[in-house]
Participant: 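One structure coming up, written as structure tokens, with questions to follow.
Proteins come first, then strands; the chains are lettered A, B, ... in the order of their sequence lines, and each starts at number 1. Everything numeric in this text was worked out from a predicted model, so none of it was measured.
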Number of protein chains: 2
Amino acid sequence: MPSTRSLTEPRTEPSGQLWIREAAVLSGLDRESRDALADLPVTAIGKGTILFHPGDSARGFIILLDGRIEVFLTGPNGREILLYPVEPGSSCVQTTLGLLGGEDYSGEAIAVTDLRAVIIPKERFLALMAGSAPFRSFVFSAFAQRMQSMMQVLERVAFLRIEARLAEALLSRAEGDLVRSTHQELATAIGSAREVISRRLETFARQGLVTTERGAVRITDIAALRRLATGVD
Amino acid sequence: MPSTRSLTEPRTEPSGQLWIREAAVLSGLDRESRDALADLPVTAIGKGTILFHPGDSARGFIILLDGRIEVFLTGPNGREILLYPVEPGSSCVQTTLGLLGGEDYSGEAIAVTDLRAVIIPKERFLALMAGSAPFRSFVFSAFAQRMQSMMQVLERVAFLRIEARLAEALLSRAEGDLVRSTHQELATAIGSAREVISRRLETFARQGLVTTERGAVRITDIAALRRLATGVD
DNA sequence: ACCGGTTGGTGACCTTATCACCGACAGGTG
DNA sequence: CACCTGTCGGTGATAAGGTCACCAACCGGT
């Protein structure tokens, strides 16, 4: 577990900034809608902040300007699995869910870096959904993408071997050839256990696919990993 | 595999019927929207029909009047897992996804009984979404519910033992104390393998929870199954 | 009575999850 | 420097679950 501080006072930047220019996602938006959003303040949220727990109810629709959020599902025994990461340009479905259907969160979201975000309050969000076709289609397609990606997670968990899932996790987290993650983090990302990751990485290392260091993995045969990741035998 | 006939000519009932009266889901709808839908024909679709394959693109939004559809995710080795059933009153997200986000289906939907349904073509669907707040909220909450239920499936697959998942599947499929499903069907419903179900049912039987017959399981200790289904040890 | 398809049972084997440890390392602090 | 302490990773044992191969019982035809 990373050390977390629970939702501390988020500081808001002086408004009037043209944050909306930064939000590439909103570039397709009509003038009216943008005006309706421009006065919302930008909120800074510290790394490690837990944005919501299971059972919380929705506060608003989040537009992420900077940073990365990860949404997890937690099992009864404490094991976790990454549902999806949220980065600028993609939205957080959990939030949307709550706003639209009245359901509570059932995942847990954590800021893995410092964040800058704009929170659209529920009423304004609903007004936009009613009034702006571009905004609607923005929200819809975000929704559809998430759904799709959650189905992929399900597909992987249900049908793929750890080998393939691990290979994929390594590839998706690599900066160059370096993956700066602990075994525990990798395990969480794919919904497995640390020991399993350790052993699997060891066999990867024996096959010359990676080398391991404390807190990191270095990829040495990216082509082979790609082949494994597809799950094709 | 049940014997299937691929999307045969669906027969449409003579229109002008007030099918919309039947659709309890739409009862909250405004007069205008209902008028905009009333002239759509009711389509009859035979049991076993495959409504869409992975990779198909969306044809329209389905309102189910009668019958039951099941949507599966299929793994590379042919193993399947039930994503969700669709019954009158609940909508098929896959379809909606396609209409809103342009993504193709990645599940497979099959009519497990004869169906009566109304298909709203894409254009009319989008027009309704734009013009009718009640319709929007109907679609949204359907969406949100599905999302929620898919997360539950994921949670179960990732974290619960077969024992618990099987117990739950039996309870949810029971008519009285009888579950009319083959081992294969149960396996598919929870994303496991037939052999595993056979063995697990055998131990259930030894514990006096069920008795098994060809093509069916009879529940003899529903309380114990309920306890197992929660996954609490 | 026979045949083919469906359903269910069984053993062997492999992968994965879980538990219970232990050692190795990094960053403080005295 | 030596010493703690928390994090990180390695290991063995055991049990659950998935996969494969195969067979027997059953059912609905003809």
Participant: In whole angstroms, how far is the P atom of dT7(C) from the CG atom of L201(B)?
Facilitator: 15 Å
Participant: Could you state the interatomic distance from CZ (R165(A)) to CD1 (I197(A)), rounded to the nearest 0.5 Å?
Facilitator: 8.5 Å
Participant: Between residues 164-176 of chain A and DNA chain D, which residues have a heavy-atom gap below 4.0 Å?
Facilitator: none
Participant: For the side-chain contact (heavy atoms from CB on, under 4.5 Å) test, which of L65(A), L51(A), D66(A) pairs with L115(A)?
Facilitator: L51(A)
Participant: Are T188(A) and I81(A) packed together at the side-chain level, in the sense that at least one heavy-atom pair is separated by less than 4.5 angstrom?
Facilitator: no
Participant: Please report the distance, rounded to the nearest Å, between CD in E213(A) and P in dG10(D).
Facilitator: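 Rounded to whole Å, this separation is 12 Å.
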Participant: Quickly work out the I162(B) CD1 to dT19(D) P distance and round it to whole Å.
Facilitator: 11 Å
Participant: Calculate the interatomic distance between L228(B) atom CG and dA16(D) atom P; express it in whole Å.
Facilitator: 14 Å
Participant: Distance check needed: dT15(C) C1' versus R200(A) CZ, whole Å only.
Facilitator: 7 Å
Participant: Strictly distance-based, threshold 3.5 Å: is any side-chain N or O of E185(A) a donor or acceptor partner for the main-chain N or O of T182(A)?
Facilitator: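 Indeed, once roles are kept as given, a pair shorter than 3.5 Å links the two residues.
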Participant: Quick one: is S198(B) getting a side-chain N or O under 4.0 Å of the dG8(C) phosphate, OP1 or OP2?
Facilitator: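 No.
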Participant: Are any of R161(A)'s side-chain N or O atoms less than 4.0 Å away from OP1 or OP2 of dC14(C)?
Facilitator: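 Checking R161(A) against dC14(C): no side-chain N or O falls below 4.0 Å of OP1 or OP2.
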Participant: Atom CZ of R180(A) to atom P of dG9(D): distance rounded to whole Å?
Facilitator: 14 Å
Participant: For the pair T49(B) (side chain) and A111(B) (backbone), establish whether a donor and an acceptor sit closer than 3.5 Å, ignoring hydrogens and angles.
Facilitator: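 Looks like no, no N/O pair under 3.5 Å.
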Participant: Just how far, in rounded Å, is C1' of dG9(D) from CD of E185(A)?
Facilitator: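 It is 13 Å, rounded to the nearest whole Å.
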Participant: Can you tell me the distance, in whole Å, between the CG atom of L186(B) and the P atom of dG18(D)?
Facilitator: 14 Å
Participant: Distances under 3.5 Å between protein N/O atoms and the N/O atoms of nucleotides 18-25 of chain C, please, pair by pair.
Facilitator:
from    : atom 1 : to      : atom 2 : distance (Å)
dT18(C) : OP1    : N77(A)  : ND2    : 3.0
dT18(C) : OP1    : R79(A)  : NH1    : 3.1
dT18(C) : OP2    : R79(A)  : NH1    : 2.9
dT18(C) : O4     : R199(A) : NH2    : 3.0
dC19(C) : N4     : E195(A) : OE2    : 3.0
dC25(C) : O2     : R214(A) : NH2    : 3.4

Participant: Check for me whether the distance between the ring centres of F143(B) and F138(B) falls short of 6.0 Å.
Facilitator: no
Participant: So does R68(B) get a backbone contact from the side chain of T113(B), meaning a donor-acceptor N/O pair under 3.5 Å?
Facilitator: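 Judged by distance alone, yes, a pair lies under 3.5 Å.
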Participant: Out of the candidates I222(B), D221(B), I219(B), only one should pair with L209(B) under the side-chain contact (heavy atoms from CB on, under 4.5 Å) rule; please name it.
Facilitator: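 Among I222(B), D221(B), I219(B), the one that satisfies the side-chain contact (heavy atoms from CB on, under 4.5 Å) with L209(B) is D221(B).
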Participant: By nearest nucleotide on DNA chain D, pick out whichever of G191(B) and H183(A) is the more 5' one.
Facilitator: H183(A)
Participant: Please check: side-chain N/O of W19(B) versus main-chain N/O of L40(B), any donor-acceptor pairing under 3.5 Å?
Facilitator: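 Flag set: sc W19(B) to bb L40(B) pair under 3.5 Å.
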